[in-house]
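These notes are about the structure you will find just below.
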Amino acid sequence: MSEQENSHHHASSDSDDEIDPHDPRPRREHPQEETEDDIPNDANPINPVTTNITLPPQSLRRLSAFTQTACVIPRSERRGLFASLAIIPEVNTPWGYKNKTKWTVTLIVALAAAAAPMGSGIFYPALPQLTIDLNTTPTTANLTVAMYMLAMAIFPLWWSSFSETLGRRTIYIISFSLFVIFSVVSALSVNIAMLIVMRILGGGASASVQAVGAGTIADLWEPAERGRAMGIFYLGPLVGPLIAPILGGALSEAFGWRATMYFLAIYGGVMLIMIIFCLPETLPRPPPPPPAVNLPEQDQSHPPLKRISTAASAKIKTKRAVAVLRRLFIEPLEVILYLRYPPVQVSVYSAAIAFGSLFIINISIQATFAHAPYSFPSLIVGLLYLPLSFGYITASLTGGPWIDYIMKRQAKKAGRFDDKGKLIFLPEDRMAENMWLAATLYPGAMIWYGWSSEKGLPWIVACIANFFFGCGSMLVFGTVTTMLTEFMPKKSSSGVAVNNFVRNIFSCVGSIVAQPLINAIGNGWLCTAVGLFAWVTGNLAIWMLRRKATAWRVSMDKALNKRE
């Protein structure tokens, strides 16, 4: 792929009123006079093996800060379903939106990302009623949650693959329309089999934002600002499942378990309206096709006629059918193959082990505080999830700006500047003291929680531990997700889809095995074993990334470029 083609990768759009007039960054009065060297290459960097090697400035330009002129796309040319209804116009350079516009879009995507995990957490308090109403067993009832989470792991592979061609907006609208339908049908289910099937489909529909949402953040924010934005985005999928048990407990006690499904349908409907009217398409526009070569005048007026045999015609149709089937069924699964690249593999593992630990704690809270010596009612048990939420909020508000600061500091320390004197950022710049702290904080807090709940200490002791667990795990989630969008700049949503695939499998396994292990060995030893394993392997992953990430990236970029 040529450098000129790469320069179009992050092209997007904005209106005159969406361009910040106070932005100190220079803008060209005549953007058509830009040359290829003037346009930053954000799509396909050539990464140095070490920071001491001097490469041509254009080889590193994708991670240096830059500004392009943002122009509004005419309504008739805007992409995505019902694109003309969006209040915020599509522009050719999303990085040129005013910050308030970018934050508006970021918050909408964060709220939409809360739908999928909220759908699992809101159902926990309703399971006893569900078991009685549908005349089933507790084990079978638990499948409505486990299968929902498994769908959240698998379906984003398709959503992310389709979003790279159909666009973000179209995927959001289709998926949330389906989520509303499946949530209503779930509420109307007459037996457990029907409910499980509808929960699988609903979980798969709502999970689109977990992968595609991170791609939207990467479309909007420059690398120097992306950490803070990703932290805000991640509040949705992490805080959603922690406030959901409170909502689920209140709704199920007042109106029954079906009310939780109707709530999800209403939430999905509100998000669908916000997406239709407030979310523009942000996927970078493809480069313009090369100019057509005109045939000689006589050839245009009398084009040659060719006869195609029946066999040749059938062969062409077969090839087209195979291409469609491959696009629908094979290419989405190929996203998993990104795990063969060490930077993706190690980064994803760091987040997955933290996510699996989180769901063990989620199950433990419900199993522990609803019984002696605590014996709290369902609503109080739901409130005990709030310390985790407060930890996530704290880490999101402070951790995002922190990793952005670390990234700038690391680039300055290495003396990486482009030919215009702007800093050149690399994904691994985001890992420093923040990740070392996080990889120790959340395992330590997990062990703290395990023994305080095991010994029946006052509930506040376990809540304080969970606050620090939330802080540490959120620092890991935010950093890893941001790095994945930068390790794979042309396939940002695919990288995050792989992350969601692995971590949701870990969470599904954690949810299934947590209760039997608590019954067998207790909270103390379970949390100690998982916490120590997470501490050792998590720190080892950070050490490997800091030591080898640059060389790994060079190899990965060569392999990806060769495939293209």
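Count residues from 1 along the sequence.
- In this structure, Gly204 and Trp159 approach most closely via the heavy-atom pair O-NE1, 2.7 Å.
- The one candidate from Arg546, Arg553, Arg547 that meets the side-chain hydrogen bond (donor to acceptor under 3.5 Å, both in side chains) condition with Glu428 is Arg553.
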When you look at Leu195 and Ile192, which way does the side chain to side chain contact (heavy atoms under 4.5 Å, CB included) test go after all the steps? CA-CA 5 Å; Leu195 179 60; Ile192 190 63; 4.3 Å; yes
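- Across all their heavy atoms, Phe179 and Gly202 have their closest contact at CD1-O, 3.5 Å.
- Note on ring orientation: taking the six-membered ring where Trp is involved, the planes of Trp221 and Trp103 are tilted (angle from 30° to 60°).
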Pair Leu130, Arg258 - check side chain to side chain contact (heavy atoms under 4.5 Å, CB included), show working. CA-CA 8 Å; Leu130 166 68; Arg258 298 179 191 273; over 6 Å; no
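- Across every non-hydrogen atom of Ala126 and Thr260, the tightest pair is CB-CG2, 4.4 Å.
- Atoms CZ and CD1, on Phe506 and Ile360 in that order, are 10.5 Å from each other to the nearest 0.5 Å.
- Within the 3.5 Å criterion, the main-chain N or O of Met149 finds no donor-acceptor partner in the side chain of Arg199.
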Evaluate side chain to side chain contact (heavy atoms under 4.5 Å, CB included) for Ile217 paired with Thr481, printing each intermediate quantity in order. CA-CA 11 Å; Ile217 303 302; Thr481 305; over 6 Å; no
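- Across all non-hydrogen atoms, the minimal contact from Tyr385 to Asn362 is OH-O, 2.7 Å.
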Let me check something: any side-chain donor-acceptor pairs from residues 436-448 under 3.5 Å, sequence neighbours excluded? List them with distances.
residue, atom, partner, partner atom, Å
Thr440, OG1, Trp436, O, 3.4
Thr440, OG1, Trp535, NE1, 3.2

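- Side-chain N or O atoms of Tyr148 include one that pairs as donor or acceptor with a backbone N or O of Ala116 at under 3.5 Å.
- The closest side-chain heavy-atom distance from Ile173 to Leu272 is below 4.5 Å.
- Although no hydrogens or angles enter the test, the distance criterion places no donor-acceptor pair under 3.5 Å between the side chain of Thr479 and the main chain of Val476.
- Environment of CZ in Phe355: crowded, with over 12 heavy atoms of neighbouring residues, nucleotides or ligands closer than 6.0 Å.
- Distance alone, capped at 3.5 Å, is enough to place a donor-acceptor pair between the Thr165 side chain and the Phe162 backbone.
- Between Val185 and Met261 there is no side-chain heavy-atom pair separated by less than 4.5 Å.
- Met274 contributes atom CE, which lies 9.0 Å from atom CG of Leu279 (distance to the nearest 0.5 angstrom).
- Side chain of Asp429 to main chain of Gln410: no donor-acceptor pair is present (N/O by atom type, distance under 3.5 Å, no hydrogens or angles).
- Contact annotation: the side chain of Phe376 never approaches that of Leu383 to less than 4.5 Å [non-hydrogen atoms, C-beta and beyond].
- Considering OG1 of Thr482 and CZ of Phe233, their distance stands at 10.0 Å, rounded to 0.5 Å.
- Judged by the 6.0 Å distance and 45° axis criteria, Arg226 is not positioned over the aromatic ring of Phe425.
- Heavy-atom contacts from other residues, nucleotides or ligands closer than 6.0 Å to CG of Asn135 number 12 or fewer.
- Looking only at side-chain heavy atoms (C-beta outward), Tyr449 and Ser364 come within less than 4.5 Å of each other.
- Using a 3.5 Å distance cut-off with no hydrogens or angles, the side chains of Tyr172 and Thr216 do pair a donor with an acceptor.
- Here the side chain of Ser161 pairs no donor or acceptor atom with the backbone of Leu157 at under 3.5 angstrom.
- Using a 4.5 Å heavy-atom cutoff, the side chains of Met198 and Leu201 are in contact.
- When all heavy atoms of Thr131 and Ala141 are compared, the closest pair comes out as OG1-CB, 3.5 Å.
- Aromatic pair Tyr374/Phe369: ring centres closer than 6.0 Å.
- Across all non-hydrogen atoms, the minimal contact from Ser163 to Arg168 is OG-NH1, 3.3 Å.
- The local environment of CZ in Arg430 is crowded, with over 12 non-hydrogen atoms from other residues, nucleotides or ligands closer than 6.0 Å.
- From Met474, atom CE reaches atom CG of Leu388 across 13.0 Å, with rounding to the nearest 0.5 Å.
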Please test Phe501 against Val348 for side chain to side chain contact (heavy atoms under 4.5 Å, CB included), starting from the C-alpha separation and ending with a verdict. CA-CA 9 Å; Phe501 175 75; Val348 165; over 6 Å; no
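- A distance-only check finds a donor-acceptor pair linking the side chain of Ser350 to the backbone of Val346 [under 3.5 Å].
- Residues Thr144 and Trp257 have side chains not in contact (no heavy-atom distance under 4.5 Å, counting atoms from C-beta outward).
- Trp451 places a side-chain heavy atom less than 4.5 Å from the side chain of Trp525.
- Checking side-chain atoms of Trp402 against main-chain N and O of Ala395 turns up no donor-acceptor pair under 3.5 Å.
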Sequence neighbours excluded and cut-off under 3.5 Å, please list the side-chain donor-acceptor pairs for residues 243-253, or say none.
residue, atom, partner, partner atom, Å
Ser252, OG, Gly248, O, 2.7
Ser252, OG, Gly249, O, 3.2

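- Taking OG from Ser186 and CD1 from Ile181, the interatomic distance works out to 11.5 Å, rounded to the nearest 0.5 Å.
- Counting only heavy atoms from C-beta outward, the side chains of Met118 and Phe263 approach each other to under 4.5 Å.
- Ile196 CD1 to Thr136 OG1: the interatomic distance, rounded to the nearest 0.5 Å, is 7.0 Å.
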